[in-house]
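Below is one structure, written out as structure tokens; comments come after it.
Predicted model, so just to flag it, every value in this text is computed and none were measured. To find a chain, count down the sequence lines: A is the first, B the second, and so on, and within it residues start at 1.
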Protein chains: 2
Amino acid sequence: MAQSDTVDRILDAAELLFAEKGFSETSLRQITSKAGVNLAAVNYHFGSKNALIQAVFARFINPFTRLLRDKLEAAAADKNDISLEALLSIITSSILEVPGRNHRGLSIFMRLLGLAYTQSQGHLRKYLEQQYSEEFRLFMRLLKEATPQLTPVERFWRIQFMLGATAFTMSSTEALSDILEKEMGVRQPIDEIVKQLVPFLASGIQADHLNASPALRKVDGGKVQ
Amino acid sequence: MAQSDTVDRILDAAELLFAEKGFSETSLRQITSKAGVNLAAVNYHFGSKNALIQAVFARFINPFTRLLRDKLEAAAADKNDISLEALLSIITSSILEVPGRNHRGLSIFMRLLGLAYTQSQGHLRKYLEQQYSEEFRLFMRLLKEATPQLTPVERFWRIQFMLGATAFTMSSTEALSDILEKEMGVRQPIDEIVKQLVPFLASGIQADHLNASPALRKVDGGKVQ
DNA sequence: GTCTGTTTGAAACATACGTTTGATGGCGGG
DNA sequence: CCCGCCATCAAACGTATGTTTCAAACAGAC
């Protein structure tokens, strides 16, 4: 049994269980027993549980960011400004094209991303920002060029809205797909979900904030607040 | 010291800690020591940790749903179909009007809601769905009437997107406000953030999936895709 | 074949958790 | 006054966790 076999089996099992139940809720004993390896193997090969989490994460995000950076740089090199939907599609297609990974890696990544952002004292956020600040800044620049009509403050918040919609949905695609199938008898692969996401985000980020008020007044009659 | 004092102090401490670190990551010992009460008090007053989690929820969500139901029923009684933005505003204004809760309470609640969906806190989801299925269904009906052009599957996913954008943003308004202030020197109260959210959601849920929206083409000059 | 460094194995470790127990204190009604 | 009830407390319970230990098994090099 090659050395990498144990490592990969641990990563596979951990990926499954993390996506299914979360990080704190998954024990090393569950992981190692599902992987069919000894309990001590995790600490031997990875050092700690936190390091295992980061390794599971890295296995997905490294190929992903490689794809993403190539596409972003190609887009940046274009003489014309990139369109908003094209920019968002770059991200989603990069996610879907990560080689060798099924959609579970995506769930893991999004879950971690959400945790890193919302958890105030997480060890993950620093890891993320230091590791991928370059791609992050490039994406921000292109997004700014694609939405010149927005004020910086508007853009700031709408980026958060987009990130929230994406992270929240993608981190629980399995559970949501199950609900959808049970209620409507339709089973959708993750590609379809992601494709639904792009127009929602593109339309949301470009919303005109001025036209909200009149429609609002019609029903609430100004008794809001 | 009144008998309810211990209960409230536990609820206050648990609310803060749950929002800060998550459910599994927060121990009863941390809660009781922050609250300045005995460890056994939680099991004495609430029965179990899960019951405490539900109690923390109930303290916010009960007044909220009371407000929400009243407004939704008033809207449903109207002879005209309610507009989408008005419908979304009903939710946001109900959230902001919950009595006795400051904005921090809102952040905490949203974070808890996100965690309930994201972390596999199965007992929480069932609790929420069973407890508030009536308001949920009423909202769904009104939303369906306000978005007749959507297929059920489209509507299902876009509701998830909306929930994600809302929960994610609202759960970390403090941290995000700090970032915004540091980077742009602007401080926004939570009401302003919520007001920014409504047009984003309304525009997103109505996005045309076949093509880029007209507003989008206006900017991109039709070179989408 | 023997040696050497690496990987696995079963078991134990220390710690933290949620929960339960039984004693103690205080308060109001009889 | 004392009884019964309720809330609090320190302590312990049983269990589960991440991690460490150390011997055994293995692989490849010479």
Nucleic acid footprint by protein, nucleotides 12-19 of chain D - heavy-atom cut-off 4.0 Å, B for base, S for sugar-phosphate alone: B----BBB
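- When the P atom of D:dA7 is taken as reference, atom CG of B:Asp8 falls 14 Å away, rounded to whole Å.
- Although no hydrogens or angles enter the test, the distance criterion places a donor-acceptor pair under 3.5 Å between the side chain of B:Thr26 and the main chain of B:Leu17.
- In this structure, CD on A:Gln196 lies 12.5 Å from OG1 on A:Thr92, to the nearest 0.5 angstrom.
- Between the OH atom of A:Tyr44 and the C1' atom of D:dC26 there is a distance of 12 Å, given to the nearest Å.
- The shortest non-hydrogen separation linking A:Ala146 to A:Ile82 is CB-O, 3.5 Å.
- A:Ser171 places no side-chain N or O within donor-acceptor distance of the main-chain N or O of A:Met110, the cut-off being under 3.5 Å.
- Here the nucleotide nearest the side chain of A:Asn38, chosen from C:dT6, C:dG9, D:dA7, is C:dG9.
- Of the side-chain N and O atoms in B:Thr6, none sit less than 4.0 angstrom from OP1 or OP2 of D:dA7.
- Applying the side chain to side chain donor-acceptor pair (under 3.5 Å) test to every pair with at least one member in residues 30-39 of chain A, sequence neighbours left out, gives these pairs: A:Ser27-A:Gln30.
- A sub-4.0 Å separation between OP1 or OP2 of D:dT8 and a side-chain N or O of B:His45 is present.
- A donor-acceptor contact closer than 3.5 angstrom is absent between the side chains of B:Gln160 and A:Thr169.
- Here C:dC17 presents its P atom at 11 Å from CD1 of B:Ile31, a figure rounded to the nearest Å.
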